Amino acid sequence: MTDLSRRGFLGAGGLALAGASMVSGRTQAASLPEAPIMTEATMQPPLYPKSGPDYQPVVTLNGWTLPWRQNGDWKEFHLVAEPVVRELAPGMKAHLWGYNGQSPGPTIEAVQGDKVRIFVTNKLPENTAVHWHGQLLPNGMDGVGGLTQPHIPPGKTFVYEFICQKSGTFMYHPHSDEMVQMAMGMMGFFVVHPRDPAERRVDRDFVFLLNAFDIEAGSYVPKVNTMLDFNLWCWNSRVFPGIDPLVVRQGDKVRVRFGNLTMTNHPIHMHGYDFKVTGTDGGWVPEAAQWPEVSVDVAVGQMRAFEFVADAPGDWAIHCHKSHHTMNAMGHDVKTYIGVNMKRTAAAIKKVAPGYMPMGSAGMGEMGSMEMPLPDNTLPMMTGFAQFGPVEMGGMFSVVKVRPGLAVDDYKDPGWYKHPEGTVAYEWTGEQLAEPARAPSPDSGVKATEFRAIDPRKRPVRTAGGHDNH
Ligand SMILES: [Cu+2]
């Protein structure tokens, strides 16, 4: 549950407000709104509006929505940029930077036409600034440190004020030492609902950010200078099997929205359905222009929303289709051993390292079911078990769980799908093939390979234009 008892909670009792004197003239007399903190990485229930226009709130995978207060015409929010500890999946915690106790920060929800006032307090050891990605606003509220405002120094609070001109899907992130602060996990989702609650109404609306970290095995702090070779590909700073399932009532109209704040694109693929892309960075896609897909690529800095009617019950995989992005803590310099006879090498290595076990000569799937010794605070490369065995996945992978008869607000994990009898792929136990119909492996004309170490001193000399070393 939401833990509103934040340190420095500014309740009715009214603590001395060190930050109040530095806010803009318009809010000089007012107090800072409270800045609630979240201490858990589990999905919080949707936050229904208690005043103002009605809307169907979103749910944030492994996240929460930032409570706000109404102050006259203004909806007031309070973000605190600060160091946080985030559990990436059971068994691994990361020391990140985020907002209000978590990375990513809380989702901000508002309604088209709302006047929003967002207080940003900087508790980082360096300057920050917040950019409201995709929002149409006065230039001086755009949050680009140095360009549209002074950077927010440590210990200070700045105020952003703008009107949410259109509904849609937005993000927020720093624009001040941006590379480091995003690599450390600073970002959040910003959803603006249509003023008319019937417009584009869905029954369930899921949001998540795509982000990535490079955290060496056994350590806690991301390497901030990595550009592409990340080893933890996340949705909302979580990796499979730590990502919440998308729990859906059969028959619901469902929207899934995501934004990409990594440095590469992610083709997000959902099984069992085709869906329509209904929203992009620029806004809603008119109905006649919505295109059907089963995978939608989201480029760097982009947002996408797709919709479907959940008529097919089951446990449907949803994941990034880059297969390296559904792995955890993967070293990319691992050699390929498929088809290689490791017998002699293994025997030689076992002499010096008794526990040595050769891996990978028949693929890497076996790693999904094995308990390998790992450094502390490190996740296995592929993991997660379901009702039929190891799933052999990690990273950007979750499950859309469509079930009949759920309560409207029930987002609890319903367990694994009970398949109707006779609807699961099964083993053939009838007549067996009398003899192999084909050779054991296709013949490339090359003699079977055996892994052997080459003494570099005896390495054959390459002659110009010749490949004489095989
Ligand atoms: Cu990906």
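Counting starts at 1 for both ligands and their atoms, following the listed order. Residues: numbered from 1 along the sequence shown. Keep in mind that what you see is a predicted model, and the values were worked out from it rather than measured.
Contacts classified as salt bridge (Lys or Arg N to Asp or Glu O under 4.0 Å) and involving residues 316-325 (residues at least two apart or in different chains) are not found.
Shown here are the protein N/O/S atoms lying under 2.8 Å from the Cu ion (ligand 1), water excluded: His266 ND1, Cys320 SG, His325 ND1.
Applying the salt bridge (charged side-chain N to carboxylate O under 4.0 Å, His left out) test to Asp196 and every residue at least two apart in sequence or in another chain returns nothing. Annotation: salt bridge (charged side-chain N to carboxylate O under 4.0 Å, His left out) contacts of Asp315 (sequence neighbours excluded): Arg403.
Checking Asn211, Leu261, Val224 one by one against Met182, the side chain to side chain contact (heavy atoms under 4.5 Å, CB included) holds for a single residue, Leu261. Considering Thr278, Val256, Asp252 in turn, Val256 is the only one that fulfils the side chain to side chain contact (heavy atoms under 4.5 Å, CB included) rule with Phe308.
Annotation: cation-pi geometry satisfied between Arg204 and Tyr411 (NZ/CZ under 6.0 angstrom from ring centroid, within 45° of ring axis).
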